[in-house]
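Data block below; observations after.
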Amino acid sequence: MILQVSGVSKWFGGLKALTDVTFSLQEGQILGLIGPNGAGKTTLFNVINGVYKPNEGTVTFRDVDITGLKTYEIARMGLARSHQIVRPLNDLSVRDNVIVGACFGRENNALASAGTIADEVMEFVGLAKRADQLAGSLNIGQKKRLEMARALAARPYLLLLDEVLAGLNPSEIAMMIDIVMKIRERGTTIIMIEHVMQAVMSVSDQVLVLDFGKPIAFGTPAEVANDARVVEAYLGDPSLAAQLLAPSSDQPEQDD
Amino acid sequence: MSLTKLRNPGLWITVIAVLLLGLWPIVTQRASTREEIFTVLLSVVLASSLNILLGYTGYVSFGHIVFFGLGGYVGLYLIIVQGWSLWPAMAAGGLAAGLLALLLGQAILRLRGSYFALATIGINEAMRAFINNFEPFGGPTGLSLNFQTYNAYGGAANALWLIYYIVLILALFNIVLSYVVKTSKFGLGLMAIREDEDAAEVMGVITPRSKTWAYVLSAILPGVVGVLFFFKNGNIEPPQAFRLHMSIELLVMVMLGGFGTVFGPALGAVGYQRLRGLLLTSDLFKNIQLAVAGLLLLLIILFIPAGAVGWIRRRFPILRRYLP
Ligand SMILES: Nc1ncnc2c1ncn2[C@@H]1O[C@H](COP(=O)(O)OP(=O)(O)OP(=O)(O)O)[C@@H](O)[C@H]1O
Ligand SMILES: [Mg+2]
């Protein structure tokens with residue numbers, strides 16, 4: 001078990017953003033995290049990686065209780081993430097952005113070896129040509145890939161991806177999914193928040209559905225797609241939900 | 001830090017430019033030129049030091065002169081009251097400034113943005129008030145050097161040259177130090193903090209530690225040159241040691257030359273002191289020099305926020321490699 005979230009609740013003042021969330025994740029898997037807007041998905045990431053301390057519950061990462069640790073402590077233990085709203089280090093070059101990831105992440109690399117890793121990762125996500133450009137000058141698709149590259153450069157055990165497909169065009173989406181699959185092949189465990197349903201259903205081994213901060217379903221994509229509560233939660237429109245979820249059943253990659 | 005990095009031409013152009021400037025009074029042997037360049041070199045040290053905090057880390061310190069003043073006080077106290085010689089007193093002044101930064105860092109580096117800036121002003125004023133009432137440092141009258149003290153350094157005239165040489169060396173050292181920090185892993189962490197502190201933390205930068213060391217590093221040399229300045233001056237008093245407007249002038253220099261660059265603060269220091277020298281000859285400007293500094297700061301922030309070197313770096317990306 002690489003990650004164990006037990007009974008996590010998080011309040012923002014009177015708003016309960018997460019209610020008693022419990023799940024665990026096996027090494028090498030991709031967990032899809034879905035749910036309507038405001039369901040608490042990003043908040044769950046923020047609790048896992050230490051941005052917020054949960055009001056209740058614990059997070060265990062690789063058999064260590066990390067609840068309440070600082071984000072940089074958790075990052076150094078091998079947990080990296082991308083941000084839903086991209087956060088490039090604008091005045092640094094793309095390469096330096098990625099080197100930051102490699103330098104301060106799990107492996108605590110020296111600058112020189114971090115540079116080698118950065119070059120490799122930039123090649124991998126298709127940013128090699130942009131290496132010397134300032135990060136602030138990238139377009140949104142490239143910034144999303146930069147988020148991904150920085151997280152990957154840390155060589156994490158667990159990677160949290162927060163809507164890396166949002167705002168991308170179809171060819172960029174295809175490219176990004178390809179990258180995600182390759183990352184998994186390398187043995188990295190992934191939790192992926194996604195609204196592009198077809199994509200998340202096709203790559204995930206397991207799917208967790210949040211609605212108003214509560215986990216309402218957990219299982220394989222096929223199981224979740226056929227869950228009445230999930231269908232109901234999605235826009236209250238069963239036909240639309242069915243339409244979104246349907247393609248998952250005929251994806252060849254599905255059997256694991 | 002590999003040695004090949006030190007082959008950067010931009011670094012050596014900066015070092016040689018400052019060296020030539022520093023050698024000028026030595027060649028001409030004119031005391032008046034020496035005094036003028038002394039002020040410039042002092043500013044180079046102070047501005048380059050401030051740049052590590054302001055330019056690399058992105059924390060605006062309005063009260064950086066507190067380290068200069070404290071260093072001066074500690075140094076002069078040790079020389080005058082304890083009979084130390086200049087060298088260990090310089091080291092002690094730097095150490096005291098670094099220690100103060102270390103302690104303050106724990107407390108105020110948690111504040112972000114303008115809160116931190118305000119806190120630094122408060123610290124400068126608090127230190128001034130404290131020393132005003134601190135008897136070992138002479139309270140409001142301060143400390144004065146006995147003229148005989150200079151005899152150990154070959155008399156007053158020689159001592160002035162000696163101090164000049166030391167400040168020149170420190171200025172050169174500080175430029176190399178700025179470069180080494182900027183191209184190090186530590187420096188990369190600082191710049192990540194400047195760009196987005198939360199994102200830096202998520203990537204594993206231990207921000208409290210990095211910020212504290214940046215603060216300490218930016219405080220030490222101001223403490224050392226504080227000792228030199230007041231040793232040369234012959235006396236030190238609270239209002240002289242903790243002049244808030246000097247802090248503001250330092251900000252102007254860093255912003256003028258280009259914050260976050262290695263060459264910028266040195267260029268800004270030279271440029272600003274040059275300008276100030278011109279203005280000071282006019283009676284009108286003598287009285288409003290602080291207002292001029294403030295106005296200049298405003299104009300820079302509005303029109304060339306990246307400063308001169310930063311502007312060139314942006315305008316001509318090819319030169320980026322040569323202007324670290
Ligand atoms: N820092 C915060 N302070 C107060 N409320 C917050 C904070 N962060 C999130 N919330 C609230 O918590 C709820 C869950 O937000 P969260 O961002 O986790 O949703 P999400 O599932 O990621 O949504 P989306 O799909 O739109 O990204 C929302 O109602 C949001 O307004
Ligand atoms: Mg979200």
Side-chain angles (χ1 to χ4, degrees), chain A residues 45-46 48-51 69-83 85-93 95-115 118 132-137 146-147 149-156 160 162, chain B residues 1-6 54-58 110 179-213 258-261 264 305-307 309-311 313-324:
Chain A
F45 271 15
N46 283 332
I48 293 172
N49 93 319
V51 174
L69 292 189
K70 302 276 189 210
T71 47
Y72 49 81
E73 290 168 323
I74 295 172
R76 283 169 174 258
M77 293 170 68
L79 196 153
R81 77 175 280 184
S82 76
H83 294 96
I85 297 161
V86 292
R87 307 187 79 147
L89 307 173
N90 284 322
D91 258 1
L92 299 185
S93 69
R95 189 166 187 270
D96 280 346
N97 268 263
V98 183
I99 290 180
V100 172
C103 262
F104 298 98
R106 171 170 75 84
E107 290 179 336
N108 200 21
N109 285 297
L111 264 186
S113 47
D132 293 321
Q133 213 170 305
L134 292 185
S137 71
L146 179 60
E147 281 283 329
R150 280 194 323 205
L152 277 181
R155 302 255 167 98
L160 309 181
D162 197 345
Chain B
M1 179 70 213
S2 64
L3 282 176
T4 52
K5 257 198 219 153
L6 287 175
L54 171 70
Y56 295 174
T57 322
R110 256 178 266 153
Y179 178 77
V180 169
V181 169
K182 183 159 185 184
T183 52
S184 69
K185 178 171 167 176
F186 168 61
L188 184 63
L190 297 184
M191 290 185 284
I193 291 172
R194 176 189 72 202
E195 295 300 311
D196 186 334
E197 190 161 344
D198 293 321
E201 284 195 355
V202 166
M203 283 187 274
V205 179
I206 305 175
T207 55
R209 197 202 282 172
S210 294
K211 287 190 291 184
T212 302
W213 287 119
F259 81 104
T261 67
V309 175
W311 183 82
R313 276 172 60 100
R314 255 162 239 211
R315 191 82 181 61
F316 309 101
I318 304 193
L319 292 179
R320 230 180 264 156
R321 226 180 78 68
Y322 305 105
L323 288 173

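Below, each value reflects all heavy atoms present in this structure, side chains not excepted, and no hydrogens, waters or symmetry copies. Throughout, a chain's letter reflects where its sequence line sits, starting with A, and its residues are numbered from 1.
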Let me confirm one number: the OG1-CG distance from A/Thr71 to B/Asp198, rounded to the nearest 0.5 Å. 7.5 Å

Scanning both residues in full, the closest heavy-atom pair of B/Ser184 with A/Leu111 reads C-CD1, 3.5 Å

Check B/Lys185 against A/Asn109 and note the closest heavy-atom contact, atom names and distance. NZ-O, 2.7 Å

Honestly, the part of A/Arg150 sitting under 4.5 Å from a heavy atom of chain B is side chain

Would you say the side chain of A/Tyr72 lies within less than 4.5 Å of the side chain of B/Met203, judging by non-hydrogen atoms? no

Side-chain contact, heavy-atom cut-off 4.5 Å: A/Leu92 with B/Arg194? yes

With distance as the sole test, does A/Lys70 use its side chain to make a donor-acceptor pair with the main-chain N or O of B/Ile206 at under 3.5 Å? no

What part of A/Ile99 lies closer than 4.5 angstrom to a heavy atom of chain B: side chain, backbone, both or neither? both

Relative to chain B, which segment of A/Asp91 carries a heavy atom at a distance below 4.5 Å: side chain, backbone, both, or neither? both

At a heavy-atom distance under 4.5 Å, which candidate from A/Arg76, A/Gln133, A/His83 has the highest pair count against chain B? A/Arg76

Residue A/Asp132 versus chain B: region with a heavy atom under 4.5 Å: backbone

How many angstroms lie between CE in B/Met191 and CG in A/Asp96, if you round to the nearest 0.5 Å? 6.5 Å

Residue pair B/Leu188 / A/Cys103: nearest heavy atoms and the distance that separates them: CD2-SG, 4.4 Å

